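Written below as structure tokens is the structure these notes are about.
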Amino acid sequence: MSKDFTTREENYSKWYNDLVIKADLAENSAVRGCMVIKPYGYSIWEKMQAALDKMFKDTGHENAYFPLFIPKSFFSKEASHVEGFAKECAVVTHYRLKTAPDGKIVVDEDAKLEEELIVRPTSETIIWDTYRNWIQSYRDLPLLINQWANVVRWEMRTRLFLRTAEFLWQEGHTAHATKQEAIEEAEKMLNVYADFAENFLALPVLKGVKTENERFAGAIETYCIEALMQDGKALQAGTSHFLGQNFAKAFDVKFTGKDGKQEYVWATSWGVSTRLMGALIMAHSDDNGLVLPPKLAPNQVVIVPIYKTDEELAKLNEKASEIKKSLEALNIRVKYDNRDTYKPGWKFAEYEFKGVPVRIAIGPRDLENGTVEVARRDTKEKKSYQQVDLAHKIEHLLGQIQSNLYQKALSFREQNTTNVDTWDEFVNQIEGKGGFVYAHWDGTKETEELIKDKTKATIRCIPLDNKKEDGKCILTGKPSTQRVVFARAY
RNA sequence: CGGGGUGUAGCGCAGCCUGGUAGCGUACUUGCAUGGGGUGCAAGGGGUCGUGGGUUCAAAUCCCGCCACCCCGACCA
């Protein structure tokens, strides 16, 4: 199944693609740019959803659902928003098919829609059109709503999980009485994303704001979390937008304040997508396959029996079930694989490839000695453990693996973060090792675009915890007050 | 949309140049042996050769059109 697997060094991009397919996470579908998420991949996504959904609810949000289709006219209401999405919209123009004289199924031209429907690329417009009726008074605020949905953006080039024409995500859309409160909400949700990335994905992220160029279409401020992948490229892992009153004005959403005066509502929106799957895969996996952090692994532990005879298997079944139960009592997700159709070595390789954090092998020798063999996926280390109190030891080990993955990713990021002060250094760094490059920039759109044209590097963000520092723009030499983070990105 | 490439068994590929009844590896099925890191041997099943047309006694192979997918650019979470 996974022999002859491409290594990261040979071809990082092929490694990623092969990994996604061979680890059974997803595959390309019959539809251009759209993937099928397979059960194993989907179960990881479900784990992410569950964790995020809880975090959203713990911060006061509720789930709702809005239509897949958005009337075309809605898009024209917020000028910069439509501009940002116009080039990648799927449009529904007809509502009926018919059989042509030659027997082929064709679109019935008589069934043309009065107004075309856009398949949502994001839901601000339909949601704000709805909010108009929901919000009258300051008592209706804040309105804190999240939606789990699929969206469509007709991308020209797609890659499994990282960029697909249709993807799954959540989008939060909140309405507030004051500017300050909306900004706090946008920042709060950015922190939720950062916590999630660090605690569940085991992935350290930079928190920052986007430059005007990179800002979400229709936003006043776009906050983001940026992660560094093993090939030195950055991945935007989540965004949170302060939308000001742009959408309230476009959709005429006003509320009456305590003072009896009418004012436009302040808005935020924030989202993360199945792209997080891509981040997860690229952050930790190695040339032996997937490496999953225990908190998101569908199976945290797999138990493999080693035996020759049916009698041995019967004894091992008994012992393994006992171990399985003791682990499950601690809420550890365990699979016992006693299929006779595959050999132990095959199973070892298989679970390793699928990233199961801990493998327990147990054979006749272990039964005699009261031991098991425990192998951890992150370090590939194998150790013999006494069966006594095994469940607690495994629980502890899972915690260690989770934090080890985070530490490893963190030190990778540190090793691949550099300060540069001259253009030559900058080009060398971007074209060599890559990584996050802190450099001075004169603050103009033109310079940012010029740098992008010359090096393919973009400003990933202006970090929130940035310290002020006088310097000169690496390209123009004009004065600058702080360093910003450059990288090539996905 | 520009440049390059590929369509042959579930998957990966050879065969094409030089036309002559479709092959390899793997996966699958069956049997026997094997079993502490992808097991060996044997037998077996499976293909409108992307698609439409043309040339020819004969086309996977030669010619023309079309379609799909992949890679590199412009666009992007």
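Predicted model, so just to flag it, every value in this text is computed and none were measured. Order of the sequence lines sets the chain letters (A, B, ...), proteins ahead of strands, with each chain counted from 1.
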At 4.0 Å (heavy atoms only), tell me whether A:Q236 reaches a base, stays on the sugar-phosphate, or touches nothing.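 It contacts sugar-phosphate atoms only.
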For A:E322, salt bridge (charged side-chain N to carboxylate O under 4.0 Å, His left out) partners two or more places apart: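 If we apply the salt bridge (charged side-chain N to carboxylate O under 4.0 Å, His left out) test to A:E322, skipping adjacent residues, the hits are A:K319.
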Ring-ring centroid check A:F247 A:W266, cutoff 6.0 Å: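 Ring centroids of A:F247 and A:W266 are no less than 6.0 Å from each other.
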Is the distance between the ring centroids of A:F426 and A:F486 less than 6.0 Å?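 Ring centroids of A:F426 and A:F486 are less than 6.0 Å from each other.
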Applying side-chain contact (heavy atoms from CB on, under 4.5 Å), can you list everything that pairs with A:T379, at least two apart in sequence or on another chain?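 In terms of side-chain contact (heavy atoms from CB on, under 4.5 Å), with neighbours along the sequence ignored, A:T379 is linked to A:R376, A:E381, A:N404.
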Quick tally for nucleotides 66-71 of chain B: nucleotides whose base has a protein heavy atom under 4.0 Å get B, sugar-phosphate-only ones S, the rest -, giving ---S--
B:G10 and B:U51, which share atom name P, separated by this distance in whole Å: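 13 Å, rounded to whole Å.
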For atom C1', what is the distance between B:A58 and B:G19, given to the nearest Å?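 Approximately 8 Å lies between the C1' atom of B:A58 and that of B:G19.
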Quick one: salt bridge (charged side-chain N to carboxylate O under 4.0 Å, His left out) pairs with a partner in residues 453-466 of chain A, sequence neighbours left out?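 Counting only pairs at least two positions apart or across chains, the salt bridge (charged side-chain N to carboxylate O under 4.0 Å, His left out) contacts touching residues 453-466 of chain A are A:E226-A:R460.
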Do you know the tightest heavy-atom contact between A:L405 and A:P293?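 Residues A:L405 and A:P293, closest heavy atoms: CD1-CA, 3.5 Å.
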Pairwise 5' ranking along RNA chain B for A:K456 and A:I306, keeping only the more 5' one: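 This one resolves to A:I306.
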In residues 367-388 of chain A, what residues come within less than 4.0 Å of RNA chain B, judged by heavy atoms?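 Correct list: A:E373, A:K382.
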Opposite nucleotide pairing with B:G36, Watson-Crick or G-U, both atom distances under 3.5 Å: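 Pairing partner: none.
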Under a 3.5 Å cut-off for both distances, is B:U26 Watson-Crick or wobble paired, and to whom?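 B:G10 - that is the nucleotide pairing with B:U26, both distances being under 3.5 Å.
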Can I get a per-line list of side-chain donor-acceptor pairs under 3.5 Å for residues 356-370 of chain A, giving both atom names and the distance, sequence neighbours left out?
unit_1	atom_1	unit_2	atom_2	d
A:D366	OD1	A:T371	OG1	2.7
A:D366	OD2	A:G363	N	3.0
A:N369	ND2	A:R365	O	3.2

Test A:T268 against A:M189 for side chain to side chain contact (heavy atoms under 4.5 Å, CB included), laying out the working first. CA-CA 10 Å; A:T268 80; A:M189 298 322 287; 5.9 Å; no
